[in-house]
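One structure below.
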Amino acid sequence: MSSVAAAPEPALYLGLISGTSADGIDAALVRFADEGAAPACELVVAHTFPWRADLRTALIALGQGGDAASLDELGRLDAQTGHAFADAALQLLTNAQLPRSAVRAIGSHGQTIRHRPHIVPPFTWQLGDGNVIAERTGIDTVADFRRRDVAAGGHGAPLMPAFHAALLHSAEEDRAVLNLGGIGNFTLLPRQGDVRGFDTGPANALLDAWCERHTGKAFDAAGGYAASGGVDTALLARLLDDAWFALPPPKSTGREQFHLAWLEACLHDSPLAAEDVQATLLELTVVTVTEALMATQPGTRRVLVCGGGVHNRALMARLDDCLPGVVVESTAAHGLDPDYVEAMGFAWLARETLAGRPGNLPSVTGAKGPRVLGVVYPG
């Protein structure tokens, strides 16, 4: 009597990322089905692990343009960040009651401390030594995803559009995926034609930083603080006058461009109430997002929002107001937890790297061509 071998269990991949806001390490364990099978991507378990306060302070200082005091300090931060990411991966597996052997690979974005795609030569830099993660976990680890794209003439960002296209494209309507993280960015998914994507400007990084300075709270829960103030049109005009907003795609940015010192320079010692500044920062995000969308894909019928900004009701309401005729909704409506889309995306990118498939989209980043991204550190 012959027997038919059971189909192999779809592999698990673990994605790790700390975004521009550096508000924690997002860890997501993802199960991918075979090509063409459904569901294509299943979130098994996810969690956000807080940074140790002193390490977060040092990373934010570097990210917004500060310099390390020494090479010793920079090397130590790289190792400490790697250990923090390894801790997150191991704790997530403990939470899920799964052995390390269940995970095919880890995809770790790291923590961006500098992103300079416009200088000569361009570079981007993420801390979080992949050697440490692989050694601590015993799991094959893919890290350093962005620099190959930059070496090929691209911006190294955004990298999520390929993942968004794989899971959220529709042949029925033009869509856009809006990630409202520390920086806002779009993935444009037309019914037909090339996928495009680019950063739009500041989002949570400035909103959170201003809120924390003036209220002591790490973020503006539901946007209530911004809603308590009023938009100052003169300040908004000065903020929008920054030359970066006029750059055509491909474009990307980070905390080194948009930070509190940049905001303070635009305030001109104006005697504005703190809540009015918060309201103006929220409006800055709305204006830059909506203008960018109308300039690049005016036929968009649905905007799928992910990232921390999806929980800011004031921000979501303003986006809805400013995009009449467009459905603005969370990626949750399409099966993707908005808090962990990026972590899931880096799990997916690790899978693509191990399969020898390109992870970048030249139509998004401006690279010379498709490239397999990342460095593999065997576990």
Side-chain angles (χ1 to χ4, degrees), residues 3-19 23-52 55 78-111 126-145 159-160 163 166-167 332 335-357 359 372-379:
S3 62
V4 178
E9 182 74 11
L12 295 176
Y13 289 79
L14 200 159
L16 299 168
I17 182 171
S18 176
D23 50 3
I25 298 172
D26 292 336
L29 189 63
V30 181
R31 178 179 288 112
F32 294 106
D34 292 336
E35 299 294 335
C41 178
E42 175 193 354
L43 181 61
V44 176
V45 63
H47 190 75
T48 299
F49 297 92
W51 284 103
R52 200 179 71 213
L55 183 53
D78 189 28
Q80 288 176 327
T81 303
H83 280 288
F85 276 86
D87 288 341
L90 292 171
Q91 187 59 55
L92 190 73
L93 290 176
T94 298
N95 293 353
Q97 298 183 323
L98 285 170
R100 304 177 192 189
S101 59
V103 180
R104 173 63 187 89
I106 293 171
S108 179
H109 170 267
Q111 179 68 57
Q126 289 74 41
L127 295 187
D129 188 353
N131 294 286
V132 170
I133 301 171
E135 187 66 28
R136 288 275 316 280
T137 63
I139 299 169
D140 291 349
T141 298
V142 186
D144 193 14
F145 285 96
L159 290 183
M160 287 298 99
F163 177 61
L167 285 123
L336 291 182
D337 187 323
D339 292 322
Y340 296 103
V341 169
E342 282 198 289
M344 294 171 73
F346 279 97
W348 183 83
L349 282 172
R351 177 178 181 248
E352 297 304 286
T353 298
L354 293 184
R357 293 189 289 260
V372 177
L373 304 179
V375 176
V376 180
Y377 301 86

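The basis for the numbers below is simple: all heavy atoms, side chains too, and nothing from hydrogens, waters or symmetry mates.
The nearest pair of heavy atoms linking Ala96 to Val45 is CB-CG1, 3.7 Å. Leu43 approaches Ala28 most closely through the heavy-atom pair CD1-CB, 3.7 Å. In terms of heavy atoms, Ala134 sits closest to Pro378 at CB-O, 3.6 Å. The shortest heavy-atom contact between Ala343 and Asp26 is CB-O, 3.8 Å. Looking at every heavy atom in both residues, Cys41 comes nearest to Leu167 through CB-CD2, 3.4 Å. Closest of all the heavy-atom pairs between Phe49 and Gln91 is CE2-CG, 3.4 Å.
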Run the side chain to side chain contact (heavy atoms under 4.5 Å, CB included) check on Phe163 and Val341 step by step: do they pass?
CA-CA 9 Å; Phe163 177 61; Val341 169; 4.1 Å; yes
Full working for side chain to side chain contact (heavy atoms under 4.5 Å, CB included) between Val30 and Val44
CA-CA 5 Å; Val30 181; Val44 176; over 6 Å; no
Test Val142 against Ile106 for side chain to side chain contact (heavy atoms under 4.5 Å, CB included), laying out the working first.
CA-CA 6 Å; Val142 186; Ile106 293 171; over 6 Å; no
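In this structure, the side chain of Asp144 does not engage the main chain of Val375 through any donor-acceptor pair within 3.5 Å. With hydrogens and angles disregarded, no donor-acceptor distance shorter than 3.5 Å links the side chain of Tyr13 to the backbone of Leu349. In this structure, Ser108 contributes its side chain and Ala143 its backbone to no donor-acceptor pair below 3.5 Å.
At a cut-off of 3.5 Å, with distance as the only test, a side-chain donor of Gln111 or Ser18 sits close to an acceptor on the other residue.
The CD atom of Gln80 sits 5.5 Å away from atom CG of Leu55, with the distance rounded to the nearest 0.5 Å. With rounding to the nearest 0.5 angstrom, the CZ atom of Arg351 is 11.5 Å from the CZ atom of Arg104. How far CZ of Phe346 is from CG of Leu16: 10.5 Å, rounded to the nearest 0.5 Å. One distance of note links CZ of Arg31 with CE of Met344; it measures 12.0 Å at 0.5 Å rounding. We find the CZ-CG distance between Phe85 and Leu90 to be 13.5 Å, quoted to the nearest 0.5 Å.
Every residue was checked against the side chain to side chain contact (heavy atoms under 4.5 Å, CB included) condition with Glu135, not counting sequence neighbours, and none meets it. Scanning for side chain to side chain contact (heavy atoms under 4.5 Å, CB included) contacts around Leu93 gives Leu14, Leu29, Leu98, Arg100, Val103, Ile139, with sequence neighbours left out. Looking at residues two or more places apart in sequence or on another chain, you find no side chain to side chain contact (heavy atoms under 4.5 Å, CB included) involving Ala79. Contacts of Asp87 classified as salt bridge (Lys or Arg N to Asp or Glu O under 4.0 Å), with partners at least two apart in sequence or in another chain: Arg136. Taking Asp78 as the reference, Leu127, Asp129 meet the side chain to side chain contact (heavy atoms under 4.5 Å, CB included) condition, with sequence neighbours excluded.
The salt bridge (charged side-chain N to carboxylate O under 4.0 Å, His left out) pairs that include a residue from residues 336-348 number zero, where partners must be two or more places apart or lie in different chains.
Side-chain atoms of Leu159 and Leu373, non-hydrogen and from C-beta on, do get closer than 4.5 Å to each other.
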